[in-house]
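Have a look at the structure below before the remarks.
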Number of protein chains: 2
Amino acid sequence: MKQPTILDVADRAGVSKSLVSLVMREPERVSEASRVAVLAAAEELGYRPNAVARSLVQRRTKVIGVVLSDLHNPFFADVADGIEEAAFQRGYRAMLSSGFLDPKREHGAIDMMLELRVDGLIMLGSMMKVTKIEKMVTAVPVTLLGRHTRSKVVDSVGVDDSAGAQEAVDYLIEQGHRKIAHIHAGNVAGSPRRRSGYEKAMRRHGLDEHIRLVRGAFTESGGAAAMTEILASGDLPTAVFAPNDFAALGALEVIDAAGLDIPGDISLVGYDDLALAALPRIGLTTVGQPRADLGREATHLVLERLDEGRESARHVVVPPNLVVRSTTGPPRGAPAS
Amino acid sequence: MKQPTILDVADRAGVSKSLVSLVMREPERVSEASRVAVLAAAEELGYRPNAVARSLVQRRTKVIGVVLSDLHNPFFADVADGIEEAAFQRGYRAMLSSGFLDPKREHGAIDMMLELRVDGLIMLGSMMKVTKIEKMVTAVPVTLLGRHTRSKVVDSVGVDDSAGAQEAVDYLIEQGHRKIAHIHAGNVAGSPRRRSGYEKAMRRHGLDEHIRLVRGAFTESGGAAAMTEILASGDLPTAVFAPNDFAALGALEVIDAAGLDIPGDISLVGYDDLALAALPRIGLTTVGQPRADLGREATHLVLERLDEGRESARHVVVPPNLVVRSTTGPPRGAPAS
DNA sequence: ATAACCTATTGGAACGTTCCATACGATTCT
DNA sequence: AGAATCGTATGGAACGTTCCAATAGGTTAT
């Protein structure tokens with residue numbers, strides 16, 4: 001039952017442990033005869049190198065820790081995929097742990113990662129203050145994903161939310177919309193930039209007077225509440241731009257319930273391009289983010305520091321892309337060309 | 001930059017490394033004075049115990065490896081949550097890695113876990129043969145989740161799919177349905193039991209002659225194809241029981257496109273209760289599984305072997321539950337009581 | 001006063017690797 | 001023939017802990 005060690009293999013093959021080690025790492029540097037003998041012995045014993053021992057002496061684990069705030073968010077699954085893939089290609093592995101949307105448990109997850117001596121850390125949708133993170137993890141490189149920061153010590157990779165919002169609004173205007181309302185989520189990470197993109201696009205088209213902000217949240221119920229408020233006002237916009245897909249979904253539900261037609265009466269745009277946006281009967285027009293790319297990029301940032309010795313912080317911004325589906329169309333009065 | 005070790009702390013506190021170690025593990029066994037001195041020194045240096053070194057000497061890592069076939073499947077996210085929670089409570093941590101729906105990469109993920117010397121392994125939706133798994137991992141306990149097996153060496157925890165299917169069919173019959181068709185996914189893991197549950201329930205109600213099996217798959221397109229076939233046959237059932245939610249979604253799309261009403265013309269039942277089933281406009285009636293419970297149960301199975309010395313295999317089956325939403329109702333002709 | 005027994009602490013071995021300086025033959029060169 | 005070189009192989013130190021047997025004082029019992 002006890003796992004064989006390198007010494008067991010060495011004994012059986014009649015060579016020294018050092019040679020076995022060499023065969024495992026650089027087989028081409030060993031003579032044909034020894035190599036075959038060692039490999040055979042290892043096979044027979046079912047030997048598997050002990051990464052724990054290796055990590056101890058090499059003082060690195062070749063593991064990148066990924067702390068994600070919420071496993072359920074489908075956004076993170078794609079990102080994590082990108083991370084795993086990129087890490088694997090460069091000889092690293094990814095270890096995931098979730099922070100459970102709770103700062104204390106997030107703290108715990110980071111502690112655990114650092115005790116396990118991960119070589120680098122990627123944080124998805126973290127809820128901790130950047131300064132706190134900087135203080136907490138000084139020993140390994142960190143990349144913040146999906147968050148913007150001007151930190152001089154931690155890297156970040158995010159999406160240009162302002163550009164994404166502008167793209168969405170530009171599209172609506174192009175379809176003939178003027179009265180475009182925006183549901184925002186206050187100061188929660190991500191929302192301010194989307195809102196400013198909305199405002200920027202409206203102003204750029206001289207639609208300052210039509211700017212209409214309604215407070216909602218990043219949740220289905222937040223979107224529903226905001227949409228209810230809009231309907232109650234009596235002054236209906238012809239299009240609504242929600243801060244994310246969940247909120248858009250809530251808005252959609254309320255519009256449906258009010259007996260209004262989408263996109264006939266109201267066009268609806270979300271943000272994130274979650275899988276649900278593409279479902280039949282939903283078909284939500286939304287702003288997509290290159291999720292796997294984000295993960296890959298974050299991994300590269302970590303590896304640049306690890307393997308290429310970069311010292312100064314880098315902040316990468318990737319562009320989003322609009323995905324047009326069936327919740328948008330020209331407004332009733334003015335069929336677009 | 002170099003991380004402080006236990007020796008650095010010992011020096012600074014003026015005690016031996018052994019005492020520092022003891023303070024970290026069982027502070028109550030150390031005198032007040034020493035404890036305070038050690039803790040202060042550790043704090044000042046920013047000392048963090050090295051789990052790699054500890055694991056080496058203790059010959060266990062307190063980590064449970066979780067290999068999941070697909071991060072995107074929302075089913076797994078909930079299960080993984082349950083695993084993490086249960087593991088954490090018992091002093092273990094969970095390390096996730098995805099097999100990417102590819103047997104080769106799954107093999108690689110297992111290899112990596114074993115090299116990292118995880119103490120136990122949980123496999124979600126594995127695509128490997130049980131005998132292969134048994135052969136591959138002899139050193140640590142394994143639990144198969146979401147799969148049934150009678151293996152004498154690996155444990156398993158799964159849902160009673162036959163019971164779930166029967167519950168769904170019973171419900172349809174109770175609503176007044178007689179002509180109930182079942183889309184199945186061939187011999188892919190999970191499908192046979194759901195099918196036999198369907199058949200059992202039909203027979204139990206004397207509806208043998210109405211049993212109708214249509215070959216589909218566990219995917220949206222598989223469900224769509226099967227539904228297309230059903231519509232083309234000209235002989236419409238009043239209810240369709242799909243093998244999972246994705247397939248149900250595909251069927252739903254086809255029924256919509258044909259201009260038929262759900263549930264007026266056809267009632268539709270899925271399986272899994274994915275998040276999408278609860279979305280507005282979808283409202284799919286489906287069979288739910290206690291996902292977090294599955295995860296917790298799997299963790300307990302592993303820990304029973306690890307900490308309580310269980311040797312013989314255990315196979316746990318948990319009951320599913322029907323979730324009625326809006327894709328089901330009485331058939332046109334016969335309004336239920 | 002000595003033996004016996006605590007409690008608090010310590011030093012060294014062990015865990016399973018990698019890394020490095022060194023050793024060993026066998027060639028090749030002078 | 002001896003020196004230099006080369007390709008292989010080796011032994012021992014190191015990585016940072018935990019564990020255990022041993023020790024040093026202090027207290028209690030005889």
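Lettering of chains follows the sequences in order, A, B, ..., and the numbering in each one begins at 1.
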Taking the six-membered ring of B/Phe88 as reference, does the NZ or CZ atom of A/Arg105 fall below 6.0 Å from its centre and within a 45° cone about the axis?
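Pair A/Arg105/B/Phe88 counts as cation-pi.
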Are any of the side-chain nitrogens in A/Lys17 or A/Asp11 under 4.0 Å away from the carboxylate oxygens of its partner?
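Answer for the salt bridge query: no.
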Where along residues 16-36 of chain A does a heavy atom fall under 4.0 Å from DNA chain D?
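Output list: A/Ser16, A/Lys17, A/Ser18, A/Leu19, A/Val30, A/Ser31, A/Ser34.
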Who are the side chain to side chain contact (heavy atoms under 4.5 Å, CB included) partners of B/Glu311, not counting sequence neighbours?
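With sequence neighbours excluded, B/Glu311 shows a side chain to side chain contact (heavy atoms under 4.5 Å, CB included) to no residue whatsoever.
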Backbone of A/Val30 reached by a side-chain donor or acceptor of A/Ser34 within 3.5 Å:
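Such a contact is absent between A/Ser34 side chain and A/Val30 backbone.
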When you measure from the side chain of A/Asp78 to the backbone of A/Ala292, do you find a donor-acceptor pair of N or O atoms at a distance under 3.5 Å?
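Looks like no, no N/O pair under 3.5 Å.
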Below 4.0 Å from chain B heavy atoms, what is the first contacting nucleotide of DNA chain C and what is the last?
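Nucleotide range with atoms under 4.0 Å of chain B: C/dA8 to C/dG16.
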Mapping A/Gln58 and A/Val52 onto DNA chain C by nearest heavy atom, which one lands closer to the 5' end?
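Taking each residue's closest nucleotide, the earlier one in sequence belongs to A/Val52.
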Which part of the nucleic acid, if any, lies within reach of B/Val15 when heavy atoms closer than 4.0 Å are counted: base, sugar-phosphate only, or nothing?
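Touches sugar-phosphate only.
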Is a side-chain donor-acceptor pair under 3.5 Å present for [Y] with [X]?
{"X": "A/Ser31", "Y": "A/Arg35", "answer": "no"}
{"X": "A/Glu134", "Y": "A/Ser151", "answer": "yes"}
{"X": "A/Gln289", "Y": "A/Asp272", "answer": "yes"}

